[in-house]
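All figures in this text were calculated on a predicted structure; none of them were measured in a lab. Numbered from 1 within each chain, the chains take letters A, B, ... in sequence-line order. Both backbone and side-chain heavy atoms feed into the values below; hydrogens, waters and symmetry mates do not.
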Number of protein chains: 2
Amino acid sequence: MSEAIIQTYTRADEAFDCLQTAIVKGDLIPGEKIGEVELCSRFNLTRGPLREALGRLESRGLLVRRPHAGVKVVSVSASELMELYRIREVMEGLAARQAAERMTDQEIADLQRTLDTHEQMIEEAQGQAYYQAEGDYDFHHRIATGSRNTKLAQMLLGDLYYMVRMYRYRLSTFTGRPHRALGEHRRIVEAIAQRDGELAEFLMKRHINAARLNIEKKIQEGELTI
Amino acid sequence: MSEAIIQTYTRADEAFDCLQTAIVKGDLIPGEKIGEVELCSRFNLTRGPLREALGRLESRGLLVRRPHAGVKVVSVSASELMELYRIREVMEGLAARQAAERMTDQEIADLQRTLDTHEQMIEEAQGQAYYQAEGDYDFHHRIATGSRNTKLAQMLLGDLYYMVRMYRYRLSTFTGRPHRALGEHRRIVEAIAQRDGELAEFLMKRHINAARLNIEKKIQEGELTI
DNA sequence: AGAGACGATATTGTCAACAATCCATCGAAC
DNA sequence: GTTCGATGGATTGTTGACAATATCGTCTCT
């Protein structure tokens with residue numbers, strides 16, 4: 001019954017979640033050395049589960065560990081962030097194509113309704129970047145799971161998005177092209193609704209490429225500093 | 001100044017490597033439940049480092065853990081294996097394109113020499129699948145690192161290849177199209193040498209797609225059972 | 001004064017014992 | 001005979017203490 005839902009959470013899971021959100025939100029500064037005992041007292045944990053969580057986070061690339069030297073949050077350079085977007089481009093392109101082939105009509109309808117609420121949020125917030133970022137995340141999340149490709153969704157949602165979101169929180173000023181992005185989202189969903197996988201892939205790749213170029217331009221103009 | 005800095009090996013690293021190779025080589029059967037103490041006695045470890053390694057392996061998707069219930073090696077279905085190849089297709093396509101843009105002339109020359117030795121191995125072994133598999137792995141490994149895309153290489157070499165190799169060991173009979181694969185490898189390297197990233201991406205995607213179709217056909221014909 | 005070496009200290013890596021939880025077997029009731 | 005429930009055993013999760021190692025400060029030598 002509800003037993004299937006109740007996943008008994010272990011201390012290590014708790015530690016993992018705490019650390020992950022702390023890293024993403026920027027509470028733990030990249031490059032800074034962190035002591036295990038400090039982390040334990042900060043999150044009310046003991047070192048056993050903490051070390052297990054550290055192992056998981058290291059394997060996901062969110063932090064690096066040198067034996068006997070401590071852990072530090074990974075610091076990603078601007079060029080590395082651009083590389084992340086290149087990876088997103090091809091992977092989410094695949095996700096969009098497979099989503100067009102496999103999403104149920106129900107899911108597609110939900111997705112379209114979601115875009116409506118996004119549009120409303122944008123108009124209400126009038127430039128507030130946060131909602132746009134959340135809406136964008138929501139959209140890509142649904143496409144990833146809609147691909148029905150377990151490993152693909154796992155890599156996108158478990159690895160890449162957390163690293164990208166790390167930067168969204170940090171440079172709180174988001175890309176700032178909400179209307180344009182929403183239009184691109186709409187066209188992608190349209191292609192998915194028509195079951196045109198090839199077009200969906202093309203549009204998604206172009207969408208992410210545009211976002212990358214936008215960030216790249218702002219960095220070169222000095223508006224964004226990483 | 002190379003990374004000759006001896007990274008002190010910790011017990012957890014040792015456990016991680018042992019378990020990973022054991023899973024890949026098939027010493028640990030998918031689906032089977034494994035006790036922690038059994039693993040400890042098998043690899044001469046204590047439970048502390050072992051649990052840390054288990055956390056890493058779980059986060060990489062090589063095994064699943066249910067709290068208080070034990071761990072088991074992940075069992076991937078045939079369709080999921082095909083999904084893995086779809087992911088490889090787009091990611092290695094990107095790797096090939098970036099490799100064409102960024103590999104040094106020296107690396108490309110090395111890569112071409114590597115293919116020569118592969119050809120020799122194939123002729124000598126005359127159908128021995130093992131060498132072909134190793135050569136194939138070697139080739140794709142070099143392309144991934146040659147992309148100079150740290151995260152991309154990490155995802156390919158750290159996640160995907162291990163899951164794919166898991167199956168190569170298990171169904172010891174490999175794809176069995178060594179000459180054809182070698183020819184495709186040669187054309188990819190040729191494109192890289194000419195710095196034609198677009199062509200390299202196209203050829204790499206077609207190469208992996210062909211491998212996927214080959215395996216898919218054999219599965220449908222009943223020659224391969226997963 | 002600068003550079004290298006040495007040692008103290010604090011931090012990490014490891015271990016073995018304790019507590020919490022699940023699974024299987026056994027028993028009883030329908 | 002079958003199904004449901006409880007209890008015992010085994011296994012996992014957690015904890016705190018112990019051992020190994022890197023860093024930092026100090027000292028000496030050039």
Side-chain angles (χ1 to χ4, degrees), chain A residues 1-20 22-23 28-75, chain B residues 1-20 22-23 28-75:
Chain A
M1 320 180 354
S2 59
E3 185 183 358
I5 301 172
I6 295 178
Q7 294 267 6
T8 57
Y9 270 103
T10 175
R11 295 280 201 191
D13 295 326
E14 189 184 336
F16 181 76
D17 289 338
C18 285
L19 283 172
Q20 185 160 255
I23 291 173
L28 297 175
I29 307 164
E32 187 189 12
K33 233 176 278 180
I34 318 167
E36 291 187 1
V37 286
E38 186 193 336
L39 289 175
C40 290
S41 60
R42 198 147 148 189
F43 297 107
N44 278 358
L45 295 164
T46 51
R47 286 184 55 215
L50 179 84
R51 286 182 61 83
E52 203 181 311
L54 290 179
R56 285 197 241 177
L57 288 166
E58 185 193 20
S59 129
R60 293 208 179 176
L62 279 171
L63 51 82
V64 291
R65 274 211 288 183
R66 259 183 29 211
H68 297 100
V71 308
K72 63 177 182 180
V73 179
V74 72
S75 61
Chain B
M1 59 148 278
S2 59
E3 335 241 316
I5 306 165
I6 293 179
Q7 297 263 8
T8 56
Y9 235 43
T10 175
R11 293 281 202 192
D13 296 326
E14 190 183 336
F16 181 76
D17 289 338
C18 284
L19 283 173
Q20 184 160 255
I23 291 172
L28 296 175
I29 308 164
E32 186 190 15
K33 183 196 151 202
I34 319 166
E36 290 186 0
V37 285
E38 186 194 335
L39 289 175
C40 289
S41 60
R42 199 147 146 188
F43 297 108
N44 277 357
L45 296 164
T46 51
R47 287 184 54 212
L50 179 84
R51 286 182 62 81
E52 202 181 311
L54 290 179
R56 285 197 241 177
L57 288 166
E58 185 193 19
S59 133
R60 293 207 178 177
L62 280 171
L63 50 83
V64 292
R65 276 212 283 186
R66 256 180 37 208
H68 299 280
V71 307
K72 63 178 182 182
V73 179
V74 71
S75 61

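Following rounding to the nearest Å, B:Glu36 (CD) and D:dT14 (C1') show an atom-to-atom distance of 12 Å. Separating the OH atom of A:Tyr9 from the C1' atom of D:dT12 is a distance of 19 Å, rounded to the nearest angstrom. In this structure, B:Glu38 atom CD and D:dT11 atom C1' are separated by 12 Å, rounded to whole Å. Going from atom CG of B:Leu45 over to atom P of D:dT12 covers 15 Å, rounded to whole Å.
In this structure, A:Leu57 CG and A:Ile23 CD1 are separated by 5.0 Å, a value rounded to the nearest 0.5 Å. Note that CG of B:Leu19 is 10.0 Å distant from CG of B:Leu62, once rounded to the nearest 0.5 Å. Once rounded to the nearest 0.5 Å, the distance linking CD of B:Glu58 with OG of A:Ser59 reads 10.0 Å. Between A:Ile34 atom CD1 and A:Lys72 atom NZ the span is 10.5 Å, to the nearest 0.5 Å.
For the OP1/OP2 pair of D:dT12 and a distance below 4.0 Å, the side-chain nitrogens and oxygens of A:Thr10 include no atom meeting the criterion. Distances shown here put every side-chain N or O of A:Thr46 at or beyond 4.0 Å from the OP1 or OP2 atom of D:dG16.
Computed from C1' positions of five pairs at each end, the angle between the two local axes of the helix from C:dA1-D:dT30 to C:dC30-D:dG1 equals 20°, rounded to 10 degrees.
Listed by chain and residue number, A:Asp13 satisfy the salt bridge (charged side-chain N to carboxylate O under 4.0 Å, His left out) test with A:Arg56 (two or more places apart in sequence, or in another chain). With sequence neighbours left out, B:Glu36 forms a side chain to side chain contact (heavy atoms under 4.5 Å, CB included) with B:Arg47, B:Leu50, B:Arg51, B:Leu54, B:Arg65. Checked against side-chain hydrogen bond (donor to acceptor under 3.5 Å, both in side chains), B:Arg11 has no partners two or more places apart in sequence or in another chain. Every residue two or more places apart in sequence or in another chain was checked for a side-chain hydrogen bond (donor to acceptor under 3.5 Å, both in side chains) with A:Asp17, and none qualifies. Partners of B:Gln20 under the side-chain hydrogen bond (donor to acceptor under 3.5 Å, both in side chains) rule, at least two apart in sequence or in another chain, are B:Tyr162. In this view, B:Ala69 and B:Arg66 satisfy the side chain to side chain contact (heavy atoms under 4.5 Å, CB included) rule, not counting sequence neighbours.
Annotation: proximity of residues 11-18 of chain B to DNA chain C (heavy atom, distance under 4.0 Å) is found for B:Arg11, B:Ala12, numbered in ascending order. For the segment residues 47-57 of chain B, residues with any heavy atom less than 4.0 angstrom from an atom of DNA chain D are, sorted by number, B:Arg47, B:Arg51.
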- Task: Decide yes or no on side chain to side chain contact (heavy atoms under 4.5 Å, CB included) for B:Leu28 and B:Arg42, but give the supporting numbers first.
- Result: CA-CA 11 Å; B:Leu28 296 175; B:Arg42 199 147 146 188; 3.6 Å; yes
Between protein and nucleic acid, restricted to nucleotides 21-24 of chain D and to nitrogen or oxygen atoms under 3.5 Å apart, what atom pairs and distances do you find?
| unit_1 | atom_1 | unit_2 | atom_2 | d |
| --- | --- | --- | --- | --- |
| D:dT21 | O4' | A:His68 | NE2 | 3.4 |
| D:dT23 | OP1 | A:Arg66 | NH2 | 2.6 |

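The two residues B:Ala15 and B:Leu45 make their nearest non-hydrogen contact at CB-CD1, 3.4 Å. Of all the heavy atoms in A:Ala53 and A:Ala12, the pair that sits closest is CB-O, 3.9 Å.
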